[in-house]
Amino acid sequence: MAPGDRTRRAALLPVAFFQRPAEVVAAELLGCTLVSTLDGVRIAARIVETEAYLGVDDPASHAWRGRRTAANASIYASPGTWYVYRSYGMHWCLNLVSAPAGQGAAVLLRALEPLEGIETMAARRGRPLRELCAGPGRLAEALGATRALDGLAMRASAVTVHAPRAHVPPPHVAGPRIGITRAADWPLRFCVAGSRFLSRPPTRNGPASPPGRRTTHSRRAQ
DNA sequence: CGGAAGATCCACT
DNA sequence: GTGGATCTTCCGA
């Protein structure tokens with residue numbers, strides 16, 4: 001496949017794609033192609049890991065109980081809008097707002113598989129291929145994305161997402177969300193099965209999560 | 001008003 | 001595995 005074919009045959013995701021529950025959007029974004037033209041450089045990558053945050057009723061969401069600050073205003077914007085927040089005072093993280101509108105529901109992009117513009121990403125990141133986009137802060141840096149993207153409609157921005165008309169997400173695994181404490185066990189993290197570009201290996205929170213036998217940092221359940 | 005936590009990442013041991 | 005960078009928001013005193 002020649003470079004570019006993947007997105008030539010694919011279409012810019014319509015707003016209707018995002019007018020569905022965040023967990024549906026999160027699962028269906030897997031396998032879609034993300035393209036950044038920030039700084040005049042074309043980057044393409046395949047989405048391999050996402051997380052859904054459900055909004056005002058989700059204790060882990062920035063919109064929990066309707067919380068509103070200057071930093072999170074965009075999470076309440078219409079579906080298909082970028083919500084970019086600062087993490088730990090240093091990293092940018094990219095979300096796409098989902099339905100229902102005004103609920104504060106959004107999908108966090110957690111990992112991408114690099115396809116095009118790898119040299120640029122490597123220059124921006126100074127890390128090996130596998131670590132270019134394996135994490136929400138990492139992929140933002142690789143794309144050159146910053147707060148400047150926040151509040152923009154994805155379709156009209158320099159970072160777009162594409163998929164074939166009849167997009168069928170690849171086989172994936174759902175598991176607990178990463179790096180949060182409240183409602184962490186809700187199975188809202190979605191990973192492409194077998195991908196080597198994930199932020200960390202997928203886990204499943206089975207009902208049979210056996211007691212004991214757990215690392216001090218319960219990083220790898222299962 | 002001070003301290004701690006947070007949707008993270010990296011260098012170092 | 002541990003701790004530091006860095007900054008906004010929240011909560012208790």
Side-chain angles (χ1 to χ4, degrees), chain A residues 18 21-23 25-27 29-30 34 45 47-77 81-98 103-112 114 121-151 159 173-191 196-203 205 213-221:
Chain A
F18 300 97
E23 63 269 34
V25 173
L29 278 173
L30 297 179
L34 183 149
I47 299 174
V48 295
E49 180 181 340
T50 59
E51 274 176 4
Y53 288 84
L54 307 184
V56 300
D57 298 320
D58 179 351
S61 169
H62 290 170
W64 167 234
R65 303 205 297 203
R67 176 173 171 272
R68 265 180 197 272
T69 66
N72 78 349
S74 301
I75 206 173
Y76 297 102
T81 300
W82 284 114
Y83 164 51
V84 181
Y85 71 91
R86 182 103 92 159
S87 175
Y88 289 89
M90 334 174 63
H91 311 286
W92 298 111
C93 296
L94 277 58
N95 295 252
L96 284 162
V97 177
S98 297
Q103 177 82 4
V107 175
L108 171 69
L109 302 182
R110 283 198 58 90
L112 311 174
M121 289 191 270
R124 285 170 174 161
R125 295 268 306 124
R127 309 291 303 176
L129 175 64
R130 207 205 67 79
E131 298 172 25
L132 292 183
C133 301
R138 292 167 166 181
L139 71 87
E141 183 176 34
L143 297 174
T146 66
R147 178 86 176 163
L149 200 63
D150 182 70
V159 181
V173 181
R177 295 179 288 186
I178 302 297
I180 57 176
T181 54
R182 301 173 312 191
D185 56 333
W186 295 10
L188 296 176
R189 174 186 181 225
F190 301 90
C191 300
R196 72 181 263 246
F197 296 97
L198 304 176
S199 64
R200 67 179 69 176
T203 55
N205 47 354
R213 272 303 65 102
R214 196 149 299 186
T215 323
T216 34
H217 277 341
S218 57
R219 186 145 281 191
R220 32 130 144 226

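Reckoned from all heavy atoms, side chains included, excluding hydrogens, waters and symmetry mates. In what follows, chains carry the letters A, B, and so on, assigned in the order in which the sequence lines appear, proteins first and then strands, with residues in each chain numbered from 1.
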List, one per line, each side-chain donor-acceptor pair under 3.5 Å for residues 87-94 of chain A, sequence neighbours excluded.
none

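One finds a side-chain N or O of A:Thr69 lying less than 4.0 angstrom from the OP1 or OP2 phosphate oxygen of C:dT9. Residue A:Ser87 has no polar side-chain atom (N or O) positioned under 4.0 Å from OP1 or OP2 of B:dC9. Phosphate contact (OP1/OP2 of B:dG6, side-chain N/O of A:Arg86, threshold under 4.0 Å): absent.
At a threshold of 4.0 angstrom between heavy atoms, the contacts of A:Arg125 are confined to the sugar-phosphate backbone, with no base atom among them. A:Ser199 comes within 4.0 angstrom of nothing in the nucleic acid, heavy atoms only. Among the protein residues, A:Arg177 comes within range of no part of the nucleic acid, since none of its heavy atoms lies under 4.0 Å from any strand.
Note: OH (A:Tyr88) to C1' (B:dG6) measures 4 Å, nearest angstrom. Atom pair A:Arg110:CZ and B:dT8:P shows a separation of 6 Å (rounding to whole Å applied). For the pair A:Leu96 CG and B:dA7 P, the computed distance is 18 Å after rounding to whole Å. Rounding to whole angstrom units, CE of residue A:Met90 and C1' of C:dT6 are separated by 5 Å. Atom pair A:Arg182:CZ and C:dC10:P shows a separation of 11 Å (rounding to whole Å applied). For the pair A:Phe190 CZ and B:dA7 P, the computed distance is 18 Å after rounding to whole Å. The CH2 atom of A:Trp64 sits 25 Å away from the P atom of C:dT8 (whole-angstrom rounding). Taking atom CZ of A:Arg147 as the reference point, atom C1' of C:dT8 lies 11 Å away to the nearest angstrom.
A salt bridge links A:Arg125 to A:Glu141: one of the charged nitrogens lies within less than 4.0 Å of a carboxylate oxygen. Of the charged side-chain nitrogens involved, none lies within less than 4.0 Å of a carboxylate oxygen, so that A:Arg86 and A:Asp150 do not count as a salt-bridged pair.
The side chain of A:Arg127 has B:dA11 as its nearest neighbour among B:dT8, B:dA7, B:dA11. Looking at the side chain of A:Tyr83, the nearest of the listed nucleotides B:dC9, C:dT9, B:dA7 is B:dA7.
Counting distance only, with no hydrogens placed and no angle test, the side-chain atoms of A:Tyr85 and the base atoms of B:dA7 include a donor-acceptor pair under 3.5 Å.
For the pair A:Arg130 and A:Phe197, the cation-pi criterion (under 6.0 Å, within 45° of the ring axis) is not fulfilled. A cation-pi contact links A:Arg177 to A:Tyr53, judged by a cut-off of 6.0 Å to the six-membered ring centre and 45° from its axis.
C:dG3 and B:dA4: their P atoms are spaced 15 Å apart (whole Å).
Taking the nucleotide of DNA chain B with the nearest heavy atom to each of A:Ser61 and A:Arg138, the more 5' of the two is matched to A:Ser61.
For B:dG6, the paired base is C:dC7 (Watson-Crick or G-U wobble, both distances below 3.5 Å).
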